[in-house]
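Naming convention: chains lettered A, B, ... in sequence-line order (proteins, then strands); numbering from 1 in each chain. All values reported here derive from a predicted model rather than from experimental measurement.
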Amino acid sequence: MSTHSVTAANPAAVLHHFDTAEQQRDAATLGMWLFLITEVMFFGGFFTAYICYRHYYYDAFVAASHTLNIPLGAFNTAVLICSSLTMAMAVHSAQLGQRKKIVTYLLLTMLLGATFLGVKTIEYADKFEHHHVPGPNFSFPGVENAQLFFSLYFGMTGLHAAHMVVGIGVMIPLLLAAMKGKYTSDYYTPVENFGLYWHFVDIIWIFLFPLLYLLGGHLTPGGGAQH
Amino acid sequence: MSAPNGSGETHHIVPVKAYLGVFAFLMAMTVLTVVVSWVDLGIFNTLVAMLIAVAKAVAVVMIFMHVRWANKLARLFVAGGFFWLLLLFVLVMMDYFQRAKLGY
């Protein structure tokens with residue numbers, strides 16, 4: 001059993017407190033999942049606030065939701081799903097030790113992530129233009145409490161976008177390491193664990209899209225909400 | 001499909017076909033959730049939207065995030081995390097929804 005220390009030259013080496021490389025990898029995966037669970041609870045607070053206020057001010061939420069751009073939201077959902085696929089393929093390439101493919105798929109994932117953020121910028125700019133940003137200049141005539149919806153909209157999508165920015169940032173050192181050929185079929189833990197993070201961010205959006213954009217799509221804005 | 005928790009075994013390599021399958025499923029479900037939101041199902045609109053979202057999330061967690069092939073401890077962590085989230089939702093909803101009924 002190899003028990004020599006991890007060096008830059010041999011990152012795949014098993015640390016002395018692990019019995020096998022498999023155990024070392026499992027420990028890293030478990031740690032990543034633990035972090036992701038804290039992230040789930042972090043976003044969970046926002047989702048809980050959404051559930052409560054939506055229950056209290058349903059009509060205002062429906063009216064405010066109708067101002068969001070569904071085609072752009074749906075397009076961004078598709079972009080994120082594509083980025084999840086390219087990320088899964090990056091991990092897959094790492095498992096097979098295909099250096100060039102890891103680099104290509106990581107670059108594609110970054111590009112799709114940047115596309116998502118670009119579309120989000122267009123949507124945010126539109127909200128500023130229409131005075132739908134919570135604050136002193138907020139204006140939504142005829143509907144009380146619409147500001148609550150937009151506070152949650154900016155809080156939730158903003159936190160999500162921040163996670164995307166961090167994700168793209170983390171991909172830069174991963175990309176450089178992949179270019180240097182640091183990841184092999186024996187050692188690709190950073191790529192795999194980053195993949196878990198990226199998929200988690202995708203899952204958050206999977207819930208944000210119907211909750212924020214598609215709320216009461218069958219109802220006419222501003223009237224007739226029954227529930 | 002065996003749980004790869006034996007020592008020395010390499011990680012399960014998921015075939016590309018499975019990834020493409022999940023991708024197609026996620027895309028189809030996205031279209032479905034938009035279309036369904038335009039149909040009036042009464043209180044069931046929210047239920048259907050959330051069922052679709054949960055189905056998408058489960059597909060991502062199981063296949064993209066490899067939980068289907070993870071060892072039992074990792075699966076327990078994942079399930080525990082979502083159980084804790086459910087506790088947060090259910091207990092808070094029990095409180096606030098009752099208050100809403102009482103008119104607070």
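- Looking at A:I203, the atoms closer than 4.5 Å to chain B (heavy atoms on both sides) all sit in the side chain, from C-beta outward.
- Per-residue counts of heavy-atom pairs under 4.5 Å with chain A were compared for B:I52, B:L20, B:V92, B:L88; the largest is that of B:L88.
- Only the side chain of A:I70 comes within less than 4.5 Å of a heavy atom of chain B; its backbone N, CA, C and O stay farther away.
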Show me, pair by pair, the donor-acceptor contacts under 3.5 angstrom made by side chains of residues 80-87 of chain B, not counting sequence neighbours?
none

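- Taken to the nearest 0.5 Å, the CG atom of A:L148 stands 6.5 Å off from the OH atom of A:Y57.
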Item to check | Steps toward ring pair (Phe, Tyr, Trp, His ring centres under 6.0 Å) verdict (A:H55, B:Y96) | outcome: CA-CA 9 Å; A:H55 185 74; B:Y96 276 80; 9.7 Å; no

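- Side-chain N/O atoms of A:T109 and A:S83 include no donor and acceptor closer than 3.5 Å.
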For residues 27-38 of chain B, tabulate all N or O donor-acceptor pairs below 3.5 Å that involve a side-chain atom, not counting sequence neighbours.
from	atom 1	to	atom 2	distance (Å)
B:T30	OG1	B:L26	O	2.8
B:T30	OG1	B:K56	NZ	2.9
B:S37	OG	B:V34	O	2.7

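- Of all the listed residues (B:V22, B:V67, B:V60, B:D95), the one sharing the greatest number of non-hydrogen pairs under 4.5 Å with chain A is B:V60.
- At a 4.5 Å heavy-atom cutoff, the contact between A:T48 and chain B is made by backbone and side-chain atoms alike.
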Under 3.5 Å, which donor-acceptor pairs link side chains of residues 31-44 of chain A to any protein atom two or more places apart or in another chain?
from	atom 1	to	atom 2	distance (Å)
A:T38	OG1	A:F35	O	2.5
A:E39	OE1	A:H163	NE2	3.2
A:E39	OE2	A:H163	NE2	2.6

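- At a heavy-atom cut-off of under 4.5 Å, chain B is reached by no residue from residues 110-120 of chain A.
- The aromatic rings of A:Y153 and A:F150 sit perpendicular to each other, their planes meeting at more than 60°, with 30° as the lower class boundary.
- Ring-plane geometry between A:Y213 and A:F209 is classed as tilted, the angle between the planes lying from 30 to 60 degrees on a 0 to 90 degree scale.
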